[in-house]
Student: 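Structure incoming, see below.
Counting from 1, the numbers follow the sequence of the chain as shown. Keep in mind that the numbers below use all heavy atoms, side chains included, and drop hydrogens, waters and symmetry copies.
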Amino acid sequence: MIAFVSGQVAALAPTTAVVQVGGVGMALQCTPATIAGLRIGEEARLATSLVVREDSLTLYGFADDDERQVFELLQTASGVGPRLAQAMLGVHSPDALRLAVSTGDEKALTAVPGIGKKGAQKLLLELKDKLGSPLGSSGHVGTQRVASGPAPWTEQLTAALIGLGYASREAEEAVGAVTPQAEAALAETGTAPVPQLLRAALQTLNRAR
């Protein structure tokens, strides 16, 4: 098993990162939030999970070991494959998923594309004793950090869009377009959901082109 990949980021796409390892470009399937934290030409270390199928070998990349662990635990539920597990992590952080499962938040799971009401109910039952309790604390620190300087989510989102090939002006305009959405999330939860914001920003840019 390939536990992690470490090397220079050679290329980025909305759901794929290519990391150069020993002269070989390793393509990793990643969530938008993970992609947003990478920069072409800079060194990166991504935890990985190799999914083996009869006709393919797919390497999934994660920002840390916790995200990879949740990715693998999600697949122990019936009907959850790597694509759906990654989609769940694309919408929610590991702790957000733990919180949703521990509190029986059906609505949080149905926010993931591909999960309906019945599917969410089934997942809540199957994952209840597997994910555990949230590891992090409340969002107060994030709120204070935003108040003390430039919002980290704006820097992260702008860098992600530029890394995907958009011009600085386009990236700034897209960030401006999703700012109301981010501010609403900050007011409600204390954090800005970068994965959702990145998708919304990309939709804005696609409509403009």
Side-chain angles (χ1 to χ4, degrees), residues 1-76 80-97 112-114 131 135-136 150 152-172 174-175 192-206 209:
M1 177 181 175
I2 302 174
F4 69 90
V5 167
S6 180
Q8 189 178 81
V9 178
L12 293 172
T15 60
T16 307
V18 178
V19 179
Q20 184 173 321
V21 182
V24 178
M26 307 278 289
L28 294 85
Q29 299 296 310
C30 304
T31 66
T34 299
I35 294 290
L38 302 175
R39 308 287 183 273
I40 293 177
E42 293 187 4
E43 295 292 315
R45 182 186 185 281
L46 296 175
T48 58
S49 180
L50 180 63
V51 176
V52 180
R53 294 288 185 266
E54 289 184 3
D55 58 347
S56 66
L57 293 173
T58 306
L59 197 60
Y60 289 82
F62 308 93
D64 53 41
D65 292 333
D66 182 43
E67 193 174 68
R68 176 185 61 192
Q69 182 180 22
V70 171
F71 171 79
E72 294 174 346
L73 286 172
L74 289 172
Q75 293 176 73
T76 63
V80 179
R83 289 183 182 276
L84 183 55
Q86 188 180 50
M88 293 172 75
L89 285 166
V91 174
H92 300 295
S93 68
D95 259 6
L97 284 173
V112 178
L131 295 187
L135 304 179
W153 71 267
T154 60
E155 299 171 4
Q156 192 178 19
L157 190 56
T158 301
L161 292 168
I162 293 174
L164 293 174
Y166 290 97
S168 297
R169 182 178 177 181
E170 289 179 307
E172 291 171 1
V175 169
V194 173
Q196 293 97 310
L197 293 173
L198 180 56
R199 278 193 292 273
L202 288 170
Q203 290 174 356
T204 299
L205 289 166
N206 289 336
R209 287 188 167 183

Student: Among residues at least two apart in sequence or on other chains, which ones pass side-chain hydrogen bond (donor to acceptor under 3.5 Å, both in side chains) with T58?
Tutor: none
Student: Identify, with sequence neighbours excluded, every residue that meets side-chain contact (heavy atoms from CB on, under 4.5 Å) alongside Q69.
Tutor: D66, L73
Student: Not counting sequence neighbours, which residues clear side-chain contact (heavy atoms from CB on, under 4.5 Å) with A85? List them please.
Tutor: F71, L74, Q75, V80
Student: Apply side-chain hydrogen bond (donor to acceptor under 3.5 Å, both in side chains) to S49 and list each qualifying residue two or more places apart in sequence or on a separate chain.
Tutor: E72
Student: Under a 4.5 Å cut-off applied to non-hydrogen side-chain atoms, are L198 and L157 in contact?
Tutor: yes
Student: Sequence neighbours left out, cut at 3.5 Å: what donor-acceptor pairs do the side chains of residues 22-38 make with other protein atoms?
Tutor:
from: Q29; atom 1: NE2; to: T16; atom 2: OG1; distance (Å): 3.4
from: T31; atom 1: OG1; to: T34; atom 2: N; distance (Å): 3.3
from: T31; atom 1: OG1; to: T34; atom 2: OG1; distance (Å): 3.1
from: T34; atom 1: OG1; to: E67; atom 2: OE1; distance (Å): 3.3

Student: Go through the steps to decide whether H92 and V112 satisfy the test side-chain contact (heavy atoms from CB on, under 4.5 Å), and finish with yes or no.
Tutor: CA-CA 8 Å; H92 300 295; V112 178; 4.0 Å; yes
Student: What heavy-atom pair brings T48 and G61 nearest, and what distance separates the two atoms?
Tutor: CG2-CA, 4.4 Å
Student: Only pairs at least two apart or in different chains count here, so list each salt bridge (charged side-chain N to carboxylate O under 4.0 Å, His left out) that has a residue in residues 47-58.
Tutor: none
Student: Could you tell me which residues satisfy salt bridge (charged side-chain N to carboxylate O under 4.0 Å, His left out) with R169, sequence neighbours excluded, listed by chain and number?
Tutor: E173
Student: Under the rule for side-chain hydrogen bond (donor to acceptor under 3.5 Å, both in side chains), what residues qualify as partners of D64, not counting sequence neighbours?
Tutor: none
Student: Filter on ring-ring contact (aromatic ring centres under 6.0 Å, His included), then keep only pairs touching residues 1-54, sequence neighbours left out; what's left?
Tutor: none
Student: Less than 4.5 Å apart, any side-chain heavy atom of F62 and any of L89?
Tutor: yes
Student: Who passes side-chain contact (heavy atoms from CB on, under 4.5 Å) against R83, sequence neighbours left out?
Tutor: Y60
Student: Considering all heavy atoms of both residues, which atom of A44 and which atom of V9 are nearest to each other, and what is their separation?
Tutor: CB-CG2, 3.7 Å
Student: Test your reading of the model: is there a side-chain donor-acceptor pair from T204 to the backbone of A200, 3.5 Å cut-off?
Tutor: yes
